[in-house]
Amino acid sequence: MALSTFANGADVYPVPTDSIRLSDPFVLADKASGIYYMTGTGGQLWKSPDLANWAGPYNVVEIDPNSWMGANPMIWAAEIHKHNGKYYYFATFTNRDVIIDTVQGRKIERRACHILESDNPEGPYKPISKANYLPEDKPTLDATLWIDEDSKPYMIYCHEWIQNDNGTVEKIELTPDFASTTGSGKILFKASDSPWSREKLNGEICPNRVTDGPYVFKTATGKLGMIWTSWIYNVYTQGVAYSKSGTLDGPWIQEAEPITPPDFGHGMIFTDFKGRKIMACHSHKDINGYYLRIPHFFEVDTSGDKLKIVKPYHP
C-alpha cells in the first residue's frame with residue numbers, strides 16, 4: 001500500500017527486494033542518512049538500510065497540475081542525484097491528454113524529461129521551474145545526469161524511436177542550477193549503431209530501433225562508459241559503449257556483446273556503504289503481454305578499462 005508521506009517514529013523494513021515490482025530501478029546510497037533510496041517508474045520511493053529489506057512505496061513527487069504535465073502524468077525512470085547539497089529528481093513525465101505528433105498512424109503523447117528538487121532525499125520533490133528542458137514537439141525519456149570533463153552538467157536522454165524511427169541517445173547542457181537547459185541537444189549515438197541489437201522489420205533482420213535507459217559511468221582508469229538497453233528480438237538486453245575521447249562527445253564505440261544476462265536491463269551503477277560497485281537493473285518477463293519487472297543487483301568490477309559483471313548480488 002502506498003503511503004503519502006514517510007511514517008514517523010522507528011522505521012520498519014518489511015519488504016524483501018524480490019517482492020517489489022519496479023521498472024527502471026535507481027539506487028541512491030545516501031551517506032548522510034546511511035540509507036539506500038530506490039526509485040524508478042511510477043514516481044514512488046523505497047528505502048532500505050541494507051539493500052535486502054525495504055520500506056515503502058512512498059509518494060514523494062508534487063506536480064503542478066497547471067503545468068504541461070497535467071494533473072496526473074505518468075512517471076517513468078526516475079533517478080535521484082545528490083549535487084551541491086541538494087537532491088535532484090530526473091524523470092520522464094507523460095501527459096496522455098496532449099498529442100504532439102502522429103507518425104505512421106501512431107499518435108505520440110506529450111512526453112518529456114524534467115527535473116525536480118528537494119533539500120531531503122525523502123522529498124517532497126517539486127519542479128525547479130516550468131521551463132521546457134527539451135523541445136515540446138519531441139518525445140524524450142530516461143534522463144540522467146553527468147558532469148563532463150569541462151565541469152559542466154549535462155542531461156543525457158533518449159529521443160524516442162516512435163518518432164524518429166531510429167532511437168538516439170543525446171546530451172544537452174544544463175544551467176548550473178539545473179533550472180533549464182542551454183543550447184540544443186547533440187546526438188551521441190543511434191540505436192542502429194549497436195552491433196548486438198536486432199529485430200525483424202518488413203521481413204528483414206536489422207538493428208533494433210529502441211534506445212532506453214542510458215547511464216554514464218567512469219572506470220578506475222578514467223575510461224568513460226555508458227550502459228543502455230534495447231532488444232534482441234523479444235529479449236530485453238543491455239549493452240555498453242565507451243567514449244574514445246573520454247568525454248560525452250565520443251565517438252562512442254559499441255561493444256560487440258551485451259553486458260548483462262538476457263532479459264535484464266535499464267541499469268545503473270552505485271557504490272554501496274562497504275565500497276562495492278553494484279549495478280541495479282530489472283529483470284523482464286512477458287506474461288501474456290504483461291511485463292513483470294523486479295529489481296535485481298549485480299556486483300560489478302570497474303577497476304580496469306572496462307565494466308565487468310562479477311556475479312549476482314544477494315545482500
Side-chain angles (χ1 to χ4, degrees), residues 21-27 38-42 74-79 90-92 94 111 113 139-146 155-171 187-199 201 206-217 224-243 248 250 252-270 278-286 291-298 300 302 306-309 312:
R21 303 295 178 260
L22 180 68
S23 298
D24 316 328
F26 186 98
V27 175
M38 180 168 66
T39 187
T41 286
M74 298 171 65
I75 304 177
W76 292 356
E79 300 186 357
F90 284 59
T92 305
T94 301
R111 177 176 300 125
C113 304
T140 56
L141 69 161
D142 295 355
T144 190
L145 170 68
W146 186 252
M155 176 186 282
I156 315 302
Y157 60 93
C158 298
H159 178 194
E160 200 166 15
W161 70 273
I162 59 174
Q163 185 181 56
N164 64 19
D165 207 39
N166 186 4
T168 57
V169 173
E170 305 184 8
K171 74 163 188 174
I187 295 175
L188 304 183
F189 59 83
K190 300 178 179 180
S192 59
D193 293 339
S194 166
W196 50 263
S197 72
R198 291 183 294 280
E199 65 177 313
L201 188 63
C206 58
N208 201 284
R209 293 168 289 171
V210 172
T211 49
D212 180 85
Y215 182 83
V216 184
F217 65 94
L224 191 66
M226 187 189 304
I227 47 177
W228 65 285
T229 301
S230 190
W231 298 80
I232 300 178
Y233 303 116
N234 65 339
V235 178
Y236 195 65
T237 308
Q238 183 171 248
V240 61
Y242 294 98
S243 169
L248 288 176
W252 288 88
I253 310 302
Q254 305 288 334
E255 292 287 278
E257 300 296 331
I259 189 69
T260 40
D263 281 321
F264 287 87
H266 202 115
M268 57 81 59
I269 299 166
F270 67 97
I278 306 295
M279 177 186 288
C281 59
H282 66 243
S283 60
H284 173 91
K285 188 174 183 180
D286 188 338
Y291 288 168
L292 176 65
R293 291 177 167 179
I294 300 172
H296 284 264
F297 302 120
F298 289 89
V300 299
T302 58
K306 293 189 176 182
L307 172 68
K308 295 180 180 178
I309 304 293

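Here the structure is a predicted model, which is why all the values come from computation and not from measurement.
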> Can you find a heavy atom in the side chain of Met226 that is under 4.5 Å from one in the side chain of Leu188?
Replying inline: yes

> Taking C-beta and beyond as the side chain, do Arg111 and Ile162 meet within less than 4.5 Å on heavy atoms?
Replying inline: yes

> Distance from Asn208 atom CG to Cys206 atom SG, nearest 0.5 Å?
Replying inline: 7.5 Å

> Can you find a heavy atom in the side chain of Thr41 that is under 4.5 Å from one in the side chain of Arg293?
Replying inline: no

>> Donor-acceptor pair, distance only, cut-off 3.5 Å: does the side chain of Thr211 make one with the backbone of Thr168?
In response: yes

> Roughly how far, to the nearest 0.5 Å, is the CH2 atom of Trp228 from the NE2 atom of His266?
Replying inline: 13.5 Å

> Looking only at heavy atoms, which two atoms of Cys281 and Pro25 are closest? And how far apart?
Replying inline: O-CG, 3.3 Å

> If you round to the nearest 0.5 Å, how far is CG of Leu292 from NE2 of His284?
Replying inline: 9.5 Å

> Do Leu141 and Tyr157 pass the side chain to side chain contact (heavy atoms under 4.5 Å, CB included) test, and can you show the C-alpha distance, the side-chain angles, and the key distance before you say yes or no?
Replying inline: CA-CA 6 Å; Leu141 69 161; Tyr157 60 93; over 6 Å; no

> Does the side chain of Met279 come within less than 4.5 Å of Ile309's, by heavy atoms?
Replying inline: yes

>> Looking at Lys171, I'd like to know if its NZ atom is crowded, meaning that more than 12 non-hydrogen atoms belonging to other residues, nucleotides or ligands lie closer than 6.0 Å.
In response: yes

> Just how far is it from atom CG of Asp142 to atom NE2 of His159, taken to the nearest 0.5 Å?
Replying inline: 13.5 Å

> Run the side chain to side chain contact (heavy atoms under 4.5 Å, CB included) check on Val216 and Leu248 step by step: do they pass?
Replying inline: CA-CA 9 Å; Val216 184; Leu248 288 176; 4.3 Å; yes

> Going from CG on Leu307 to CD1 on Ile227, what distance comes out if it is rounded to the nearest 0.5 angstrom?
Replying inline: 6.5 Å

> Between Ser230 and Val210, is there a donor-acceptor pair closer than 3.5 Å when you use the side chain of the first and the backbone of the second?
Replying inline: yes

> Parallel, tilted or perpendicular: which describes the rings of Phe270 and Phe297, with under 30° parallel and over 60° perpendicular?
Replying inline: perpendicular

> How far apart are the closest heavy atoms of Thr229 and Trp196, and which atoms are they?
Replying inline: C-CH2, 4.5 Å

>> How close do Ser197 and Ala191 get, counting heavy atoms only, and between which atoms?
In response: OG-O, 4.1 Å

>> Please give me the minimum heavy-atom distance between Trp252 and Gly225, naming the atom from each residue.
In response: CZ3-C, 3.8 Å

> Taking atom CD1 of Ile232 and atom CG of Asp263, what is their separation to the nearest 0.5 Å?
Replying inline: 10.0 Å

> Are side-chain heavy atoms of Ile294 and Arg21 found at a separation under 4.5 Å?
Replying inline: yes

>> If the condition is ring-ring contact (aromatic ring centres under 6.0 Å, His included), which residues does Phe90 pass it with, not counting sequence neighbours?
In response: His81

> Between Trp231 and Tyr236, does a ring-ring contact (aromatic ring centres under 6.0 Å, His included) hold up when you go through it step by step?
Replying inline: CA-CA 5 Å; Trp231 298 80; Tyr236 195 65; 5.1 Å; yes

> Partners of Tyr233 by ring-ring contact (aromatic ring centres under 6.0 Å, His included), sequence neighbours excluded?
Replying inline: none

>> Which heavy atom of Lys190 sits nearest to which heavy atom of Ile187, and what is that distance?
In response: CG-CG2, 4.3 Å

>> Using every non-hydrogen atom in the two residues, find where Ala78 and Thr39 come nearest and quote the distance to one decimal.
In response: O-CG2, 3.2 Å

> Within the distance-only criterion (no hydrogens, no angle test), does the side chain of Tyr215 pair as donor or acceptor with the backbone N or O of Ile269 below 3.5 angstrom?
Replying inline: yes

>> Given Arg209, which partner from the list Asn166, Asp165, Asn164 fulfils the side chain to side chain donor-acceptor pair (under 3.5 Å) test?
In response: Asp165

